[in-house]
Amino acid sequence: KAGVTQTPRYLIKTRGQQVTLSCSPISGHRSVSWYQQTPGQGLQFLFEYFSETQRNKGNFPGRFSGRQFSNSRSEMNVSTLELGDSALYLCASSLSTSGEGEQYFGPGTRLTVT
Amino acid sequence: GNSVTQMEGPVTLSEEAFLTINCTYTATGYPSLFWYVQYPGEGLQLLLKATKADDKGSNKGFEATYRKETTSFHLEKGSVQVSDSAVYFCALSGRYGGSQGNLIFGKGTKLSVKP
């Protein structure tokens with residue numbers, strides 16, 4: 001079974017631009033979560049989607065948004081990019097419907113904001 | 001709120017040495033506990049998990065036991081290999097409203113194993 005895939009793998013943007021990242025979960029997984037990983041803050045939860053609904057959201061500004069499609073694929077968008085948004089963005093999918101089960105991660109998208 | 005604390009790294013060991021990475025947690029209720037591993041340039045891989053008190057998770061020679069009385073989930077391996085060099089993350093998953101789909105991670109412990 002194919003793992004979680006994320007596109008693109010690398011991205012360079014300039015301040016003020018917006019960016020959209022894509023995630024395809026493992027087949028059959030309906031829960032998709034997004035995390036931001038930085039050297040200073042570590043791994044921080046952004047949001048989680050289940051059956052096209054945002055079920056949980058972390059403590060990030062409104063510039064960070066996401067959505068999930070009927071095939072469970074998910075996208076996240078960051079508008080008005082700031083230098084501090086440079087990070088590895090990880091997507092994870094889960095088979096659990098309760099949201100407490102193990103999550104399987106993709107390779108991440110490395111975003112650099114200049 | 002829920003949180004995870006794990007020992008600061010980096011940890012440097014010789015091949016075949018014994019490994020312990022400490023992890024303690026603070027949580028409401030009874031979370032599931034996980035260890036994830038991240039190799040350079042890659043995403044996180046699930047290493048092992050435990051879902052209730054006294055459960056022992058194990059995989060690839062690594063073990064961790066869910067200790068509710070000490071709120072701990074220490075990672076151990078009897079004999080490390082060079083290929084175990086990576087960053088290890090302890091994490092918990094909430095079970096109650098508002099915590100779904102949200103893994104809370106420790107800061108990570110970088111392990112380097114020398115031949």
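All values below were derived from every heavy atom in this structure, side-chain atoms included, with hydrogens, water molecules and symmetry-related copies excluded.
Contact annotation for A/Leu46: neither backbone nor side-chain heavy atoms come within less than 4.5 Å of a heavy atom of chain B. Neither the backbone nor the side chain of A/Arg110 comes within contact range of chain B; no heavy atom of the residue lies under 4.5 Å from a heavy atom of that chain. For chain A, no part of B/Gln45 is nearby; none of its heavy atoms comes within less than 4.5 Å. For a residue to count as touching a neighbouring chain, one of its non-hydrogen atoms must lie under 4.5 Å from one of that chain's; by this rule B/Leu44 touches chain A with backbone and side chain alike. In this structure, chain B has a heavy atom under 4.5 Å from the backbone of A/Gln41, while its side chain stays farther away.
A distance of 10.0 Å separates CD of A/Glu48 from CG of B/Leu103, quoted to the nearest 0.5 Å. If you take CZ on B/Phe105 and CD on A/Gln44, they are separated by 11.5 Å, rounding to the nearest 0.5 Å. Note that CZ of A/Phe45 is 9.5 Å distant from CD1 of B/Ile104, once rounded to the nearest 0.5 Å. With rounding to the nearest 0.5 Å, the separation of CG in B/Asn102 from CD in A/Gln103 is 8.0 Å. Here the OG1 atom belonging to B/Thr51 is positioned 9.5 Å from the CD atom belonging to A/Glu102, to the nearest 0.5 angstrom.
A/Phe50 and A/Ile26 sit in two unconnected hydrophobic clusters of ILVMFWY residues. Membership requires side-chain heavy atoms under 4.5 Å apart, directly or through other members. In terms of hydrophobic clustering, with Ile, Leu, Val, Met, Phe, Trp and Tyr side chains grouped at heavy-atom distances under 4.5 Å, B/Leu19 and B/Tyr39 are assigned to a common cluster. Hydrophobic clustering (side-chain heavy atoms under 4.5 Å, transitive across Ile, Leu, Val, Met, Phe, Trp, Tyr) groups A/Phe60 together with A/Leu83.
By the neighbour-count criterion of 12 heavy atoms within 6.0 Å, atom CD of B/Glu8 is sparsely surrounded, having that number or fewer from other residues, nucleotides or ligands. At most 12 non-hydrogen atoms from other residues, nucleotides or ligands lie less than 6.0 angstrom from CG of A/Asn59. Within a 6.0 Å sphere centred on CD of B/Glu16, other residues, nucleotides and ligands contribute 12 heavy atoms or fewer. A 6.0 Å sphere centred on CZ of A/Arg9 holds more than 12 heavy atoms belonging to other residues, nucleotides or ligands.
A donor-acceptor pair is defined here as one N or O able to donate and one able to accept, closer than 3.5 Å; no such pair exists between the side chain of B/Tyr36 and the backbone of A/Phe105.
Within the 4.5 Å cutoff, the side chain of A/Leu88 has heavy atoms near those of the B/Gln38 side chain.
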